[in-house]
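I have placed the structure first, in the form of structure tokens, so that the comments after it can refer back to it.
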Amino acid sequence: MVNVTINGKQYQVEPGTSVIEACKQNGIKVPYYCYHKNLSVAGNCRMCLVKIEKLPKLAIACATPVNEGMVVDTQAPEVLKARESIMEFQLINHPLDCPVCDQAGECKLQNYSYDHGRPIGRFKDEKVVKHTKDFGDHVKYWGSRCILCTRCVRFTEEISGTQELAVFNRGDHSEIDIFPGNEINNPLSMNVVDICPVGALVSSDFLYQARVWFMERKESICLECSVGCNIRIDSLNNEIKRIVPRDNQDVNQVFMCDHGRLNFGYIQSENRVKYPMSNGKIISWKEGIGLLSNIINGHSNNNTSNKVSILVSAWNSNETLYMVHKLQKNYLKESLVLFYSKEKTNDQIFAKFRISGDKNPNTMGIKTIFNNVHDISEKSINQLINQALSNSIDTLILIGGIPNDSIPNKLKEIFDNVKTIILLEHSQNALSEKAFLSLPTLTFAEKSGSYINDQKRIQRIFPAVEPITSGKSEDHIIQEVIISLGGAEKVLSSSGVFDEMKSIPAFKNINYRSIKNRGTLLNI
């Protein structure tokens with residue numbers, strides 16, 4: 001470790017750490033625009049200037065590594081004066097359009113102008129006005145707001161590797177633009193909006209939707225593939241307005257794909273299953289649980305439990321999978337529990353980011369809880385088709401949860417060969433009209449649970465909005481069935497179910513509350 005003195009106090013940091021990171025690690029604020037820990041150092045905004053003993057002039061903290069015995073002052077009079085000058089320079093051509101700018105409330109120019117800027121501007125000449133244009137389907141550019149930090153340019157060069165952006169022109173006419181004939185439409189395009197420190201790059205999909213200070217922010221994870229990117233869900237009046245990535249250097253750094261951040265329309269869709277239904281008629285939850293319990297109890301008592309098959313998607317949480325396992329073990333011993341998933345594709349590999357081809361969030365959870373399962377989709381579906389065609393099953397319980405009606409086409413071959421179909425789904429799908437019983441479930445943004453990504457890292461989802469239907473989480477429904485069958489006394493929370501899951505070796509030494517923001521690697 002290297003000993004360094006910052007503002008009169010001694011600290012120890014890793015060798016090679018930049019001064020700006022050494023300050024951040026120890027709770028000392030140093031302002032910056034162009035610096036980003038996942039991008040190369042540009043050093044062009046000059047906002048992070050600090051005084052370092054024995055150096056003849058101020059140094060930029062982002063590009064200066066710490067040395068043994070270094071003495072740093074972030075609050076020296078000359079440092080404060082330099083920040084004030086930099087802020088005045090940055091604001092010379094900047095428009096005063098904060099009331100209509102989407103970045104208002106999250107803008108470093110606003111914050112630093114208050115903390116470090118002059119109270120009165122001295123610039124009296126005409127401002128330089130730059131172009132405004134669409135950079136692609138999801139990204140808009142306001143050139144006059146841009147401070148040329150070049151974060152977006154470095155992202156397309158270093159993270160996506162697609163190189164659509166560059167700095168054009170010279171002097172105070174310099175601006176970011178796309179190469180002629182190009183658009184920034186790669187699957188990671190909206191990350192340039194996240195990393196822009198001002199309002200120069202904004203989301204076309206979120207534009208003028210809400211003021212950020214009115215929105216509620218809840219942490220969660222993205223379920224659109226097996227990577228499990230860490231996200232934040234922002235909502236207003238119980239309506240999701242946007243999804244943005246959050247920092248987890250072990251999983252997604254601080255980035256995510258466009259599909260993951262935009263595919264949330266189904267949560268507030270009119271296509272949601274709103275109430276329990278049987279043969280097209282609305283029923284109560286008590287009646288719905290009673291019908292499902294009677295079917296399971298009848299098969300179990302008649303020793304014909306092989307007539308029931310449970311088909312579970314790879315979008316279900318560990319808690320739901322465990323309760324399915326418990327239901328099968330105690331009441332449907334001979335029943336088939338089979339699994340299906342969204343069709344897998346090849347991974348999309350970028351310079352420093354990967355979008356998984358496994359479009360299912362909990363393939364690893366199924367393999368962990370049902371340890372004899374190796375092939376999730378094709379084998380299970382073929383086995384189920386054979387069972388249905390041979391009339392060895394008459395009841396199919398489908399526990400879905402995949403958005404946008406993503407039921408494999410092969411499954412449709414069995415619909416006419418199964419007498420009774422029971423659905424646990426959050427949205428209407430191709431099976432809805434054929435179902436004898438349909439019980440509404442919740443989307444990932446309305447419930448709690450845990451998932452295991454393709455790194456074997458267990459992570460948690462949290463409710464971001466109140467349920468917009470009368471639905472319940474899948475594990476909650478199965479628990480109510482087990483209670484109805486006399487196998488339990490009360491419905492447990494996700495935490496309570498997880499405590500029971502410690503009987504599975506992979507979860508033996510894991511505490512639900514200890515699964516922090518970065519998740520926990522499992523020994524499996």
Side-chain angles (χ1 to χ4, degrees), residues 218-221 223 226 228 230 248 250-251 285 289 292-293 296 310 312-333 335 337 339 360-373 397 399 401 424 439 441-464 467 471-524:
K218 298 293 176 66
E219 294 183 348
S220 190
I221 61 172
L223 302 189
S226 62
N230 288 220
N248 188 334
D250 297 323
V251 179
W285 267 106
I289 297 295
L292 181 52
S293 301
I296 292 174
I310 304 176
V312 187
S313 85
W315 274 66
N316 284 285
S317 67
N318 295 318
E319 291 74 20
T320 297
L321 296 173
Y322 174 77
M323 295 313 300
V324 170
H325 187 272
K326 184 175 180 179
L327 183 68
Q328 178 197 28
K329 180 180 178 181
N330 295 333
Y331 298 99
L332 297 171
K333 295 181 176 61
S335 283
V337 174
F339 304 94
N360 306 278
N362 213 19
T363 302
M364 192 61 66
I366 290 173
K367 293 180 178 180
T368 303
I369 294 171
F370 294 82
N371 57 18
N372 60 337
V373 173
I397 302 172
I399 306 174
L424 277 66
L439 300 178
T441 60
L442 301 177
T443 63
F444 83 102
E446 301 167 312
K447 62 184 179 183
S448 299
S450 63
Y451 290 77
I452 305 174
N453 73 357
D454 55 15
Q455 296 177 325
K456 302 180 181 179
R457 182 181 298 274
I458 188 168
Q459 302 184 107
R460 291 172 59 184
I461 59 171
F462 302 90
K472 301 179 180 181
S473 63
E474 294 86 346
D475 67 288
H476 190 135
I477 294 171
I478 299 170
Q479 287 186 74
E480 288 194 8
V481 171
I482 293 174
I483 290 171
S484 179
L485 295 170
E489 294 182 355
K490 63 179 181 179
V491 174
L492 301 174
S493 65
S494 297
S495 176
V497 175
F498 198 87
D499 287 341
E500 282 195 9
M501 289 165 57
K502 290 188 176 181
S503 59
I504 299 172
F507 306 111
K508 186 176 181 180
N509 298 316
I510 302 294
N511 183 286
Y512 192 71
R513 296 167 189 81
S514 70
I515 304 173
K516 302 297 184 183
N517 287 348
R518 294 184 180 276
T520 302
L521 280 174
L522 297 178
N523 186 21
I524 52 178

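Fair warning: this is a prediction, and the values are worked out from it, not measured in the lab.
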Answer whether the closest heavy-atom distance between the side chains of [X] and [Y] falls below 4.5 Å.
{"X": "Ser450", "Y": "Ser317", "answer": "no"}
{"X": "Asn360", "Y": "Ile366", "answer": "no"}
{"X": "Glu474", "Y": "Lys447", "answer": "yes"}
{"X": "Ile482", "Y": "Leu327", "answer": "yes"}
{"X": "Gln459", "Y": "Asn230", "answer": "yes"}
{"X": "Met323", "Y": "Leu321", "answer": "no"}
{"X": "Asn316", "Y": "Asn362", "answer": "no"}
{"X": "Asn330", "Y": "Leu485", "answer": "no"}

Testing the basics here: between [X] and [Y], what is the closest heavy-atom pair and its distance to 0.1 Å?
{"X": "Ile515", "Y": "Ile458", "answer": "CG2-O, 3.5 Å"}
{"X": "Pro467", "Y": "Leu442", "answer": "CB-CD2, 3.7 Å"}
{"X": "Pro361", "Y": "Ala314", "answer": "CD-O, 3.5 Å"}
{"X": "Ile510", "Y": "Phe498", "answer": "O-CE2, 3.6 Å"}
{"X": "Trp315", "Y": "Gly401", "answer": "CE3-O, 3.8 Å"}
{"X": "Gly449", "Y": "Glu319", "answer": "CA-OE1, 3.4 Å"}

Side-chain donor-acceptor contact under 3.5 Å, Ser293 with Ser484
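Ser293 vs Ser484: donor-acceptor pair found between side chains.
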Answer yes if the side chains of Asn248 and Asn517 hold a donor-acceptor pair under 3.5 Å, and no otherwise.
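Side-chain D/A pair, Asn248 to Asn517: absent.
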Which value, rounded to the nearest 0.5 Å, describes the distance between [X] atom [atom1] and [Y] atom [atom2]?
{"X": "Leu521", "Y": "Ile452", "atom1": "CG", "atom2": "CD1", "value": "11.0 Å"}
{"X": "Glu489", "Y": "Ile483", "atom1": "CD", "atom2": "CD1", "value": "9.0 Å"}
{"X": "Lys456", "Y": "Leu522", "atom1": "NZ", "atom2": "CG", "value": "9.5 Å"}
{"X": "Leu424", "Y": "His476", "atom1": "CG", "atom2": "NE2", "value": "12.0 Å"}
{"X": "Ile399", "Y": "Ser313", "atom1": "CD1", "atom2": "OG", "value": "8.5 Å"}
{"X": "Met364", "Y": "Arg457", "atom1": "CE", "atom2": "CZ", "value": "13.0 Å"}

Distance-only donor-acceptor hits, side chain of residues 499-509, under 3.5 Å, sequence neighbours excluded:
from   : atom 1 : to     : atom 2 : distance (Å)
Glu500 : OE1    : Lys326 : NZ     : 3.2
Ser503 : OG     : Glu500 : O      : 3.3

Verify, without hydrogens or angle tests, whether Arg513 (side chain) and Ser495 (backbone) share a donor-acceptor contact under 3.5 angstrom.
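Not confirmed, Arg513 side chain does not pair with Ser495 backbone.
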Between the main-chain N or O of Asp250 and the side-chain N or O of Gln455, is there a donor-acceptor pair closer than 3.5 Å?
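Confirmed, Gln455 side chain pairs with Asp250 backbone.
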Close aromatic pair by centroid cut-off 6.0 Å: Phe444 and Tyr451
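Distance test on ring centres: not under 6.0 Å, no.
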Given the rule in the side-chain contact (heavy atoms from CB on, under 4.5 Å) test, do Phe339 and Thr363 qualify, once you have shown the distances and angles that lead to the verdict?
CA-CA 9 Å; Phe339 304 94; Thr363 302; over 6 Å; no
Let me see the working for Thr320 and Ile478 under side-chain contact (heavy atoms from CB on, under 4.5 Å), right down to the final yes or no.
CA-CA 8 Å; Thr320 297; Ile478 299 170; 4.2 Å; yes
Carefully, step by step, assess Val337 and His325 under the rule side-chain contact (heavy atoms from CB on, under 4.5 Å).
CA-CA 8 Å; Val337 174; His325 187 272; over 6 Å; no
Chi angles and distances behind the side-chain contact (heavy atoms from CB on, under 4.5 Å) call for Ser448, Tyr512:
CA-CA 11 Å; Ser448 299; Tyr512 192 71; 4.2 Å; yes
